Amino acid sequence: MKIKNICCIGAGYVGGPTMAVIAQKCSNVKVTVVDINEKRIKQWNDPDVQKIPIYEPGLSEIVKETRGRNLFFSTDVDKAIDEADMIFISVNTPTKTYGIGKGMAADLKYIELCARQIAAVAKSDKIVIEKSTLPVRTAAALKNILDNTGNGVKYQILSNPEFLAEGTAVQDLRNPDRVLIGGDVDTEEGREAMEALVNIYESWVPREKILTTNVWSSELSKLTANAFLAQRVSSINAISELCEKTGADVNEVAKAVGMDSRVGPKFLKASVGFGGSCFQKDILNLVYIARTYNLQEVADYWEQVIIMNDHQKRRFAANMVQTMYNTVAGKKIAILGWAFKEDTNDTRESAAIYVADYLLNEQAEIVVYDPKVTEEQIYSDLDYLGSRSGDANRKGVTVVKSSYEACDNAHAIAVLTEWDEFKQLDWKKIYDQMLKPAFLFDGRRLLEPKTKKEIGFEFYAIGN
Ligand code: UDX
Ligand code: UDX
């Protein structure tokens, strides 16, 4: 089976970069990315490629090369579905905010809507691919909807979870550790569909890195991979608190532990807490699934990763207040970095939102600078938490255009995203602009302790 036409529903952080790379590597395949959000599609089609809605190093160059050649962005979902041999579903699956499983389960309403739309439109056989991270056994629901509401056309459902990390998406897509494809291994049609997708990836990924499994293994592997990664961060963050009490230095501990080849060095960086659209959502989802099967111990085990992460964010903010003589009311505090990690403009579940919220409750005056996050996004993140009115958020928080502006006349600085440009700052100049004693709270362990000694900051870093 030779694929000529691919459609992807959802032009987000996953759909956008993934389809851009497929289009670049498979120049004979037409790739159309559709989204119901007109503004987003308009941004993807902006003549100035710097204005595409997602910031990822290297992405605008690929879009420049492929857009209009074999990569297209559109709001015409029906047309793209009709034309495609292969449809990727890449819509968001946030944690449910209502009903059964509220605050835990994944909200699958968008996935179901996609399935119904595909069923309504399709006139020829299709391969439908779950790209979004989904609870294990979602493929069964998808298949049911497609088979029972469609026009009698045949569907093959594959699971092909995305392992890219934001900020390194292009690099991860070009050179993945592995590509995972789950499908109906027991039937000829299932194996053919899997082979068609293997063919796409084989254009640039070595065959031995393409793993084929049954659908349920593939769905569960994605949740498991994220749970394991998040668990590493929560593990080292738990140790960071112990380091602060005992005089051990968490960086040194992490290095010593990580050099054991069975443990490995990655994902052992202590921080103010992990954020991002995936870790929390996927673990909550895993916990919910375990509870559904009445596996209480399994659920509690994974839930602790989230509890630890919430504790770390709260602990950091509480530490700031306590260090500043138990009051920050009316004090100007600069927050450097709002994104959940460096090299992305994504702020979903960013620790900065929770730290700012805590400090606002203590009536601090917050000034934020982030190199890539817009003012509009910062306010919308705080409004979404719902701790106070939109007006109160706009009154309490100012967004500025440089680190120096943020820190001018501030009592304290909190570094919350590991943007490279924060390392290059003239910290002496910043110190001179601040009220004294000047406090520097480093939630990302970006700065050397000598910054404190040489310059005079009251300095706190997670884990020492
Ligand atoms: C993805 C996956 O979907 C999620 O499951 C995974 O765990 C993380 O990455 P992401 O690409 O980051 O989500 O989400 P987002 O940037 O919100 O993009 C989703 C897009 O789908 C949005 O642009 C939204 O407008 C679009 N959408 C949503 C549709 O086009 N149709 C819908 O019915 C719902
Ligand atoms: C993650 C997975 O890495 C990726 O494979 C999956 O497909 C989606 O979820 P992402 O959320 O983009 O990717 O970012 P990631 O690099 O995993 O970082 C998540 C959070 O953990 C960030 O807030 C980051 O700052 C934090 N982190 C990471 C630490 O605090 N310490 C570390 O050592 C590593």
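Note that ligands are numbered from 1 as they come in the structure, with each ligand's atoms numbered from 1 the same way. The basis for the numbers below is simple: all heavy atoms, side chains too, and nothing from hydrogens, waters or symmetry mates. The model shown is predicted, which means the values in this text are computed figures rather than measured ones.
Looking at Arg444, its side chain never comes within 3.5 Å of a backbone N or O of Ala461 through a donor-acceptor pair.
The cationic atom of Lys452 (NZ for Lys, CZ for Arg) does not lie both less than 6.0 Å from the six-membered ring centre of Phe457 and within 45° of the ring axis. The side-chain tip of Lys143 does not point at the ring of Tyr155 from less than 6.0 angstrom away and within 45° of straight on.
Within the 4.0 Å heavy-atom cutoff, Arg348 counts among the residues contacting ligand 1. The shortest heavy-atom distance from Asp35 to ligand 1 is under 4.0 Å. At least one heavy atom of Arg444 sits less than 4.0 Å from an atom of ligand 2. In this structure, Lys222 counts as a contact residue of ligand 2, since one of its heavy atoms falls inside 4.0 Å of the ligand.
One finds no salt bridge joining Asp107 and Lys102 here, because no Lys/Arg side-chain nitrogen approaches an Asp/Glu carboxylate oxygen to under 4.0 Å.
Residue, atom and distance of the protein heavy atom nearest to atom 1 (C) of ligand 1 are Val14 CG2, 3.5 Å. Protein heavy atom at the shortest distance from atom 7 (O) of ligand 1 is Lys281 NZ, 2.8 Å. Closest protein heavy atom to atom 21 (O) of ligand 1: Gly10 CA, 3.3 Å.
With ligand atoms numbered from 1 in the order given, ligand 2 contributes 3 (O), 12 (O), 13 (O), 16 (O) to contacts under 4.0 Å with heavy atoms of Ala165. Counting the atoms of ligand 2 from 1 in the order shown, those under 4.0 Å from a heavy atom of Glu162 are 7 (O). Heavy-atom contacts of Cys278 reach the following atoms of ligand 2: 8 (C), 9 (O) (cutoff under 4.0 Å). The atoms of ligand 2 that sit less than 4.0 Å from any heavy atom of Lys269 are 29 (C), 30 (O), 31 (N), 32 (C), 33 (O).
Here the OG1-CD distance, from Thr347 to Gln377, works out to 4.0 Å after rounding to the nearest 0.5 Å.
An N or O contact shorter than 3.5 Å links Ile36 to ligand 1 by distance. Of the polar atoms of Val91, at least one N or O is found under 3.5 Å from an N or O of ligand 1, judged by distance alone. Between Thr133 and ligand 1, an N or O atom pair is found at a separation short of 3.5 Å.
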